[in-house]
2 protein chains.
Amino acid sequence: MTVTRGRIDKRQAILGAAFTVFARDGYRPASVDAVAAAAGVAKHTIYNHFGDKESLFRATVAALTAESLTRNLAAVDLLRLPTGAEDLAAVLSKVGLRLAECYCDERSQACRRLLQAEIQNLPDLQDIVREGATDKVNEALADRFARLALAGQLRLTDPAVAAEQFGALLTAPLETRSRLGSRPVPAAELTEVTQNAVQTFLRAFGND
Amino acid sequence: MTVTRGRIDKRQAILGAAFTVFARDGYRPASVDAVAAAAGVAKHTIYNHFGDKESLFRATVAALTAESLTRNLAAVDLLRLPTGAEDLAAVLSKVGLRLAECYCDERSQACRRLLQAEIQNLPDLQDIVREGATDKVNEALADRFARLALAGQLRLTDPAVAAEQFGALLTAPLETRSRLGSRPVPAAELTEVTQNAVQTFLRAFGND
DNA sequence: GCTGAATTGCACTGGCCAGTGCAATATAAC
DNA sequence: GTTATATTGCACTGGCCAGTGCAATTCAGC
């Protein structure tokens, strides 16, 4: 909609509009004309930058993946050895809630929907997202759990499994409550799911 | 492909073919002509039975949901009080593996993919599946957990949460390992995920 | 200011597909 | 057999859309 002329940030505008339109309509039904209109750009410009619709879609997903990685790593980074009065449950709750918010973020949900819908036609997209975000977040989480185990705060044999299961206890219930990502999850349910996850996680792996 | 003439089981043939084609191509890209060809039926017959493509899709998903419910309830039904030499871990593993197999079943995976892809356009499909299968399976599982708790075999306050989390520990890792349902999960990984899930579940809720 | 590259607008092709119309045929039930 | 209904084959409409071609315009950098 912006009337900016020039070639400077057309690319960004296109990627932003592409996500909006793809998220709203889905990859197939979304028309390149609609993306062009939403970006305030001629259709030709899109083809200049991205070649074809599929490449545009790939670039869109890749951009979202990078964005998601940053937010998720920031969440995991909150997971440190509890200091002073703080206890492990509180720290885990903070991190869990933050991860839950990332998972329920409108953009992340839309991205997962698009991915799942097109996974048969574009199986490599799955790899882009895995290598670009999921795996790294899981590894970072496993690293933190390993530290906590060494510090005697957790009892676990395989930090990777613990990370996978901590994620599972968060995401699977959220997937249900968000109706497969089709509606926002109320804050109350977000904390409820997080509390349940942390509680069960600590019953299984806590050191008390 | 069958050369059967007559009106008797056209409907079933159409539903079967519709699932095959939808699962292969996705709802949008799949053409009604392709379904007709796969069912060995004229396109008109499909419109006679189902009215339009969307209704055909709904009927297809509903049929798959019913099928899935049966299989899942049969799995949950294996969850009984351990008798004699059997221990709880063994029973849970059996049930967990069975549920994991249900989740990874090719037809179930395809159904979830289709659902997720079209959830924005046909949000009521989600409800059909929830009310038709997911909720009932979770309730059945919660019932069994409540029994086990009463019998002193589990320590838990909310059987519904325990059921949700048992499912989460199974499905979320399987979702990852099946690449969002786009490839079969090797049997070895199936048992690995199940073992991890049961182990963590019992560390959290077991009575020892 | 000038120049080359990017951008724009518009029209157009080719392809795909949902759904319909119609006339002919087959089927089930009586 | 007869009849009402289901089915078939085929052609057709109307609509949507990816991608292209082209001429005119606009911009960035010098």
Side-chain angles (χ1 to χ4, degrees), chain A residues 1-62 114 117-118 120-122 124-125, chain B residues 1-62 114 117-118 120-122 124-125:
Chain A
M1 272 302 148
T2 49
V3 210
T4 49
R5 292 278 176 154
R7 78 193 69 167
I8 306 233
D9 32 26
K10 298 288 184 196
R11 192 184 176 93
Q12 279 309 312
I14 294 169
L15 280 177
F19 170 69
T20 303
V21 175
F22 284 143
R24 170 164 45 85
D25 301 340
Y27 171 60
R28 295 258 178 179
S31 74
V32 176
D33 294 82
V35 175
V41 146
K43 184 160 63 163
H44 255 353
T45 306
I46 294 183
Y47 283 97
N48 282 345
H49 277 286
F50 297 98
D52 60 7
K53 189 184 177 185
E54 187 179 311
S55 304
L56 171 62
F57 187 58
R58 263 180 236 277
T60 306
V61 170
L114 290 169
E118 297 306 321
Q120 29 206 340
N121 299 41
L122 314 169
D124 56 297
L125 268 189
Chain B
M1 270 306 146
T2 48
V3 210
T4 48
R5 290 277 177 154
R7 75 192 74 164
I8 307 235
D9 32 27
K10 298 289 183 193
R11 192 184 176 93
Q12 278 308 313
I14 293 170
L15 280 177
F19 170 69
T20 304
V21 175
F22 284 142
R24 170 162 47 82
D25 300 341
Y27 171 59
R28 295 256 178 181
S31 74
V32 177
D33 295 81
V35 175
V41 146
K43 184 160 63 160
H44 254 355
T45 306
I46 294 184
Y47 283 97
N48 281 344
H49 277 285
F50 298 97
D52 59 9
K53 189 184 178 187
E54 189 179 308
S55 303
L56 170 62
F57 187 56
R58 264 179 236 277
T60 307
V61 170
L114 290 169
E118 297 305 322
Q120 29 207 339
N121 300 41
L122 315 169
D124 56 298
L125 269 188

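Chain A is the first sequence line, chain B the second, and so forth, proteins listed ahead of strands; every chain is numbered from 1.
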Which of these nucleotides, C:dG19, D:dA18, D:dT8, is closest to any side-chain atom of A:Ser31? D:dA18
Could you check which of D:dT7, D:dT20, C:dG19 has an atom nearest any side-chain atom of B:Lys53? C:dG19
Anything under 3.5 Å between a protein N or O and an N or O of nucleotides 14-16 of chain C, put it in a table, one pair a line.
none

Minimum heavy-atom distance A:Ala36-A:Ala42, with the two atoms named: CB-C, 4.1 Å
Atom-pair distance (CG on B:Asn48; P on C:dT27), nearest Å: 16 Å
What is the separation between atom CG on B:Asp33 and atom P on D:dA11, rounded to the nearest whole Å? 13 Å
Provide the full list of salt bridge (charged side-chain N to carboxylate O under 4.0 Å, His left out) pairs with a residue in residues 41-51 of chain B, sequence neighbours left out, each pair given once. B:Asp33-B:Lys43
Looking at A:Thr45, does any N or O in its side chain come under 4.0 Å of the phosphate oxygens OP1/OP2 on C:dA6? no
Touch class at under 4.0 angstrom, heavy-atom based, for B:Ala30 against every strand present: sugar-phosphate
Residues 13-25 of chain B vs salt bridge (charged side-chain N to carboxylate O under 4.0 Å, His left out), sequence neighbours excluded, gives none
Which pairs of donor and acceptor atoms, one on a side chain in residues 54-62 of chain A, lie under 3.5 Å apart (sequence neighbours left out)?
from, atom 1, to, atom 2, distance (Å)
A:Glu54, OE2, A:Arg58, NH2, 2.3
A:Ser55, OG, A:Asp52, OD1, 2.7
A:Arg58, NH1, A:Asp124, OD1, 2.8
A:Arg58, NH1, A:Asp124, OD2, 2.1
A:Thr60, OG1, A:Leu56, O, 2.7

For the residue pair B:Ile14 and B:Val35, what are the closest heavy atoms and their distance? O-CG1, 4.2 Å
Shortest non-hydrogen contact from A:Ala39 toward A:Ala13: CB-O, 3.8 Å
At under 4.0 Å between heavy atoms, what does A:Ala36 touch on the DNA or RNA strands: base, sugar-phosphate, or nothing? nothing
Please lay out, stage by stage, how A:Lys53 and A:Phe22 fare under the test side-chain contact (heavy atoms from CB on, under 4.5 Å). CA-CA 11 Å; A:Lys53 189 184 177 185; A:Phe22 284 143; 4.1 Å; yes
Which whole-number value in Å describes the distance from A:Asp52 CG to D:dC17 C1'? 14 Å
Among C:dA18, C:dT8, D:dA18, which nucleotide has an atom closest to any side-chain atom of A:Ala42? C:dT8
Please produce a list of atom pairs where a protein N or O lies less than 3.5 Å from an N or O of nucleotides 21-25 of chain C.
from, atom 1, to, atom 2, distance (Å)
C:dG21, N7, B:His44, NE2, 3.1
C:dG21, O6, B:His44, NE2, 2.8
C:dC22, N4, B:His44, NE2, 2.8

Euclidean distance, atom CG of residue B:Asp9 to atom P of D:dA6 [Å, nearest integer]: 15 Å
Answer yes or no: side-chain N or O of B:Lys43 and base N or O of C:dG19 forming a donor-acceptor pair under 3.5 Å. yes
Between C:dG19 atom P and B:Glu54 atom CD, what is the distance in whole Å? 9 Å
Let me test you: for the helix from C:dG1-D:dC30 to C:dC30-D:dG1, what is the angle between the axes at its two ends (five pairs each), rounded to 10 degrees? 40°
Length of the line joining B:Ile46:CD1 and D:dG9:P, which is rounded to integer Å: 12 Å
Check whether any side-chain N or O of B:His49 sits under 4.0 Å from OP1 or OP2 of D:dT7, and answer yes or no. yes
Which whole-number value in Å describes the distance from A:Tyr47 OH to D:dG19 P? 4 Å
When rounded to the nearest 0.5 Å, the distance separating CG of B:Asn121 from CZ of B:Arg28 is 4.5 Å
Please report, rounded to the nearest Å, how far the P atom of D:dA18 is from the CZ atom of A:Arg28. 11 Å
